[in-house]
Amino acid sequence: MAKKPNGDISENEVTDESAYLSRRSLLKGFGAAIVGYHPSSLLSDQMALAKVKIRSELDQMIAQKINSRAKADPMELLDVTPYRYASSYNNFYEFGSGKLDPKKNAKNFVTDPWTVSVQGECDGGGIYHLEDLVRPHLLEERIYRLRCVEAWSMVIPWVGLPLARLLKKFKPRSNAKYVKFETLYDPTQMPGQKSLFSTIEYPYVEALRIDEATNKLSFLAVGMYGKLLPNQNGAPIRLVVPWKYGFKSIKSIVKIEFVEKRPNTTWMKSNPKEYGFYSNVNPSVNHPRWSQATERRLPSSIFSPNIRPTQMFNGYEDDVAHLYRGMDLRKFY
Ligand SMILES: Nc1nc2c(c(=O)[nH]1)N[C@H]1C(S)=C(S)[C@@H](COP(=O)(O)O)O[C@H]1N2
Ligand SMILES: [Mo]
């Protein structure tokens, strides 16, 4: 299959927050009359003002943007997974365990208004509206490989903000050793949470060591392919930790908690022999039931399987290997 750059990617690698916020407002229903117009032409005075204020950050942003682009393997740019795959082949068990279930069942998922509760060992805890978390930051684009533990992979252009920047705002205390994240629990909206035969417990919980969470690659996405995050991809805000198996990248986050002790995370609890806390992508540590040496890069078919070797830390070794220096990665899987 011939590969070509994806037409869905916008040329702007930076989506400024006012454009993002006005898109959120569109969803909120500013009125049917404005639907269909480009959001940036609809900026209210207030939003225009916000735009002026953040313009001074722009130079810095552009430098950052160039850095993050250069970081990605240039060949990966040609390899961005078509939007229709990234937005329809999903894992989001709250909306069903089939790959096509989340798109179908999350269609009416309500993501606005949305609040995130920040708790635990920090001085800046509280309940934050999503917009207030995003507002002070310019959004940036990061093209990352996503490697599922099931041995398929994609390349996705996320839009969002570095996790470290947000965590800093919450003023974690020195005894905060881990950051724990939780997905919304709402069985009325999430049919998977009502299932009697579920393999996992809800709410979905994930966690990172604080130094992992503040690594420059750890990212919170509010969009992808230059658009708002589709519900099935974890709207309105989800974690992206590109050097770890996909299940660490928890979706639709409502709670962030700073804790001293290592939390029990969802997949670990469900099957501790198969899913460890670290879950770093590692071609030489196999899943007990299948090899991790290779992966299927989507789109993939029986005629064109698109099999590639798995890369250590999913190709992000330079940025993250130091986090695990001296650790036996067979033991700390
Ligand atoms: N809350 C929640 N987050 C989740 C999951 C889930 O079932 N529930 N699945 C995980 C898995 S296994 C993967 S591979 C990625 C998939 O993200 P994507 O559908 O955006 O590609 O989301 C992760 N985050
Ligand atoms: Mo996954």
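Indexing begins at 1, ligand by ligand and atom by atom, following the structure's order.
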Side-chain donor-acceptor pair present, Y324, E212, cut-off under 3.5 Å | yes
Report the part of K248 (side chain from C-beta onward, or backbone N, CA, C, O) that has a heavy atom under 4.0 Å from ligand 1; answer both or neither where that applies.
-> neither
Just going by heavy-atom distances, which of Q232, E206, E182, K251 is nearest to atom 19 (O) of ligand 1?
-> K251
Do any nitrogen or oxygen atoms of W158 lie less than 3.5 angstrom from nitrogen or oxygen atoms of ligand 1?
-> no
Pair Q292, N286: side-chain N/O donor-acceptor within cut-off below 3.5 Å | no
Output for pair (T294 OG1, R308 CZ), nearest 0.5 Å, gives 12.0 Å
Compare W152, Y204, W267 and give the one whose heavy atom is closest to atom 6 (C) of ligand 1.
-> Y204
Can you tell me the protein heavy atom closest to atom 7 (O) of ligand 1 and the distance?
-> Y93 N, 2.7 Å
Listed by chain and number, what are the ring pair (Phe, Tyr, Trp, His ring centres under 6.0 Å) partners of F92, not counting sequence neighbours?
-> F95
Say you draw a straight line from OG of S153 to CD of E295; how long is it, rounded to the nearest 0.5 Å?
-> 3.5 Å
Distance from atom 15 (C) of ligand 1 to nearest protein heavy atom, with residue and atom = G246 O, 3.6 Å
Ligand 1 atoms in contact with C148 (distance to a heavy atom under 4.0 Å) = 14 (S)
What about the rings of F313 and W243, do their centers lie closer together than 6.0 Å?
-> no
Nearest to atom 17 (O) of ligand 1, what protein heavy atom do you find, and at what distance?
-> R238 NH2, 3.2 Å
Can D186 and Q189 be counted as having a side-chain donor-acceptor contact under 3.5 angstrom?
-> yes
Cation over ring face, K227 and Y83, 6.0 Å, 45° = yes
When distances are taken from atom 21 (O) of ligand 1, the protein heavy atom at minimum range is L146 CD2, 3.3 Å
Could K248 and F277 be counted as a cation-pi pair, given that NZ or CZ must be under 6.0 Å from the ring centre and within 45° of the axis?
-> yes
Quick one: does S249 get a heavy atom under 4.0 Å from ligand 1?
-> yes
Tell me, which protein residue and heavy-atom name are nearest atom 9 (N) of ligand 1, and how many Å apart are they?
-> N91 O, 3.1 Å
Atom 8 (N) of ligand 1: nearest protein contact (heavy atom, Å) = E94 OE1, 2.8 Å
Indicate yes or no: does an N/O atom of T183 lie under 3.5 Å from an N/O atom of ligand 1?
-> yes
